[in-house]
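Since the structure comes first, as structure tokens, the remarks are kept for the end.
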Amino acid sequence: MFQLLAPDGSATGAGELPDADTRLRLYREMRRARHFDERGWVLYRQGRLGVFPPFGGMEASQVGTAAALTADDWLFPTYRDTGAALTLGLPIARALAYWRTSPHGWAMPENLKVLPFYIPIATQYPHAVGAALAEKRKGTRNVAMAYIGDGGSSEGDFHEALNFAGALEAPCVFILQNNGWAISVPTRSQTKATNLSKRAEGYGIPGVRVDGNDVLATYHVTREAVERARRGEGPTLIETVTYRVKPHTVADDPSRYRTDADNEGWDAKDPVLRLRTHLMAEGIMTGESEAALLKEVADEFEAALKEADSYPDPEPAEILDHVFAEPTPQLRRQREQILNEQGSSEESA
Amino acid sequence: MTATVSKTDTKTMTMVAAINDALDLALQQDDTVHIFGEDVGVMGGVFRATDGLQARYGVDRVFDTPLAEAAIVGMGIGMGLAGLKPVAEIQFAGFLYPALDQVLSHLGRYRHRTRSRYHLPMVVRAPYGGGVHTPEQHADSPEAILAHTPGIKVVIPSTPADAKGLLLSAINDPDPVFFFEAIKLYRSVKEEVPVGDYRVPLGKARLVTEGDDVTVICYGGMVEVAQKAAAAARTAGIGVEVIDLRTLVPLDTETILDSVQKTGRVVVVTEAPRTGGFHSEISATIAEEAIECLRAPIIRVTGFDAPYPPFTAIEDVYRPNAVRVAKAIKAVMGY
Ligand SMILES: Cc1ncc(C[n+]2csc(CCOP(=O)(O)OP(=O)(O)O)c2C)c(N)n1
């Protein structure tokens, strides 16, 4: 398993570390992601955010991989990849809106090729192959990156996508976040395989296994995969080995299916603290500069929250919007019906 | 095998408890019954429908599968061919889609394509429908897709007692049955449910309330909505007959037509999208068989031709409510 930083923050020497600025940038992105996750819980309890799947503990897996992309590349995130989407540049306010179940969270920024979080599992993997192939046909050097979980990698779509990507040499980077669980099912019950990166071999593409709690390592291997893809050398599968420290969603109760023994040791592998220890030891960050960074991150979030609060609630007839470019006669009639019904219910209220 | 149940032999149950009770009994009665799906074992299902069953019957009979719906249904087909009774769970009906290849290509046609040499006594359970503010795709009502597939029975209970009785009938049926459970109803209603073996036959609708003026035809999550509308209409002096279909396939056309002959006015209610829904099948059947009885056009009260909205603030616009049904009742009365 590829690793650049040991859990105590020291360099393993397995490869060159990125420059100090990059390390600081990765730290900032992990802090932004963690802040979203932590504030998200509070907002959920206050009824200001809907049910959302937390990703705290998986920041290195998401940030390090997404940071290897540029805004010209594609990102196909699952519901658990808010951290990855934020890293690519999804505005925090949009992410908040999405988890608030507001249509404002579905309108993705024009300057990014990031899709709304995929709820059905594995279905986005073939999309990434198609987007990658389209970029190749258009002669760009852009790549497509898709995320999936260990559970999701059991779905047919996962395997079909890997096979297509290999056969068609699509510039695709597949991230398989192995966080140990698919709701209540541990990876050992999900599959007999113990090294999911080896699945790549069956499709003739490279597979890489990386410490998913080491952001320098995830960044390193993903950059290599992205560059390979840009050079026209085809897809890569990257398995990030991490852990879902938190429940499946904020509404889930993991005590039904896992014990403290399962969780043991993962706090000590915390990806944010690992890089922090390293940056402090190297003198790249000081207590003071970190405090300033944390304040910036918190301020940015609060400003975004204000923005999300200012998004108006959708209008009832909006449930019919965006089904087709031109509404069908049926949809037009149904819109009339909703407007009439709203009118009459307001009268009777 | 059906035991006669005395009226006192009952227990108060929610719908999810009644389903659990039926599964428990099925496992106990017949050791070819096997329950499997995502999170059904250790966790007992995301809605707890299979709670405690793995502890009672072991990991061979009640087990978690990897996350792959096509393989869940496809494997069930093989189990059924080889003499087991598979009872699979698809975690949400909206996640049935990856399995549709197996359902449409095989599950419905095995008996036909082997001239009954093989048959599939398989049950696929799936929570469906809206009303509880779930994320994208968790609230779909895909029953029409299944009902449109030859060789598949479709069952949708609306009460705890029916859920138990219909599920036991489904598990004991020789053919594949889809069993949709309205998420909204899992814990919102409680009633007396017969203990022990208790069956409700497939293909027999339930007369929920009687009335002479309008027939309201519905099933699953829409039954309580229709009942509310019927109660309101009754205070206005309109007699509404509410029919809970219980099973879409086989469809109890007799009960429907008897009622239509009496009332001459029909409202059909579903929460599925409008175009091509099962409500259209019901309407067409009535038009074909009893047009001469109709005193007003049939009105369908349905969801809309858009994906079910996960937008909490406006979700309730999509799903038919009692006001919409009452309006339709008024319209057929005033025609
Ligand atoms: C096609 C499909 N089937 C089932 C589900 C229900 N479901 C949501 S998350 C989940 C577990 C996913 O586990 P994994 O792929 O490991 O990702 P993780 O949640 O651990 O990030 C399941 C079964 C779904 N969303 N889509």
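Letters A, B, ... mirror the listed sequences (proteins, then strands); counts begin at 1.
- Both the backbone and the side chain of A:Val185 come within less than 4.5 Å of a heavy atom of chain B.
- For the residue pair B:Pro98 and A:Glu155, the shortest heavy atom distance occurs at CB-OE1, 4.2 Å.
- By the 6.0 Å contact criterion, OH on A:Tyr257 is enclosed, its count of non-hydrogen atoms from other residues, nucleotides or ligands being greater than 12.
- Without hydrogens or angle criteria, A:Ser154 side chain to B:Ala68 main chain gives no donor-acceptor distance under 3.5 Å.
- A:Gln330 touches chain B through its side chain: at least one heavy atom from C-beta onward sits under 4.5 Å away, while N, CA, C and O do not.
- When heavy atoms are compared at a cutoff of 4.5 Å, B:Pro309 approaches chain A solely by way of its side chain, counted from C-beta outward.
- For the options A:Leu320, A:Asp313, A:Ile183, A:Asp252, heavy-atom pairs under 4.5 Å to chain B are most numerous at A:Ile183.
- Both the backbone and the side chain of B:Phe311 come within contact range of chain A, judged by heavy atoms closer than 4.5 Å.
- Interface residue A:Glu315: only backbone heavy atoms are found under 4.5 Å from chain B.
- Of the two parts of A:Tyr98, only the side chain, counted from C-beta on, holds a non-hydrogen atom closer than 4.5 Å to a non-hydrogen atom of chain B.
- Ion pairing of B:Asp51 with A:Arg256 is present here, as a side-chain N (NZ or NE/NH1/NH2) and a carboxylate O approach within less than 4.0 Å.
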Next item on the list: Please report the C-alpha distance between A:Glu318 and B:Ile314 in whole Å, then the side-chain angles of each, then the deciding distance to 0.1 Å, and finally whether the side chain to side chain contact (heavy atoms under 4.5 Å, CB included) criterion is met.
Entry: CA-CA 8 Å; A:Glu318 272 189 52; B:Ile314 51 170; 4.3 Å; yes

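- Side chain of A:Gln334 to backbone of B:Asp305: a donor-acceptor contact under 3.5 angstrom is found.
- Although no hydrogens or angles enter the test, the distance criterion places no donor-acceptor pair under 3.5 Å between the side chain of B:Gln137 and the main chain of A:Pro120.
- In the displayed structure, A:Gln46 atom CD is contacted under 6.0 Å by more than 12 heavy atoms of other residues, nucleotides or ligands.
- Taken from CD in A:Glu341 to NZ in B:Lys327, the straight-line distance is 4.5 Å, to the nearest 0.5 Å.
- Environment of CG in A:Asp253: crowded, with over 12 heavy atoms of neighbouring residues, nucleotides or ligands closer than 6.0 Å.
- Using a 4.5 Å heavy-atom threshold, the side chains of B:Glu136 and A:Thr101 count as separate.
- Of the two parts of B:Asp39, the backbone and the side chain both hold a non-hydrogen atom closer than 4.5 Å to a non-hydrogen atom of chain A.
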Next item on the list: Run the numbers on B:Tyr97 and A:Thr123 for side chain to side chain contact (heavy atoms under 4.5 Å, CB included), then give the verdict.
Entry: CA-CA 10 Å; B:Tyr97 308 146; A:Thr123 44; over 6 Å; no

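- Contact record, B:Ala306 with A:Ile319: CB-O, 3.3 Å, taken as the closest heavy-atom pair.
- Among B:Arg48, B:Glu315, B:Arg274, the residue making the largest number of heavy-atom pairs under 4.5 Å with chain A is B:Arg48.
- The residue among A:Pro103, A:Ser189, A:Gly151 with the most heavy atom pairs within less than 4.5 Å of chain B is A:Pro103.
- The part of A:Ser102 that comes within reach of chain B is its backbone (N, CA, C, O), which places non-hydrogen atoms under 4.5 angstrom from that chain.
- Within the 4.5 Å cutoff, the side chain of A:Ile121 has no heavy atoms near those of the B:Phe95 side chain.
- For B:His133, no part lies near chain A; criterion is any non-hydrogen pair under 4.5 Å.
- Residue contact with chain B, scored on non-hydrogen atoms closer than 4.5 Å, is absent for A:Phe158.
- Smallest separation of non-hydrogen atoms from A:Trp106 and B:Pro310: CZ2-CG, 3.3 Å.
- Taking OG1 from B:Thr312 and CZ from A:Arg100, the interatomic distance works out to 11.0 Å, rounded to the nearest 0.5 Å.
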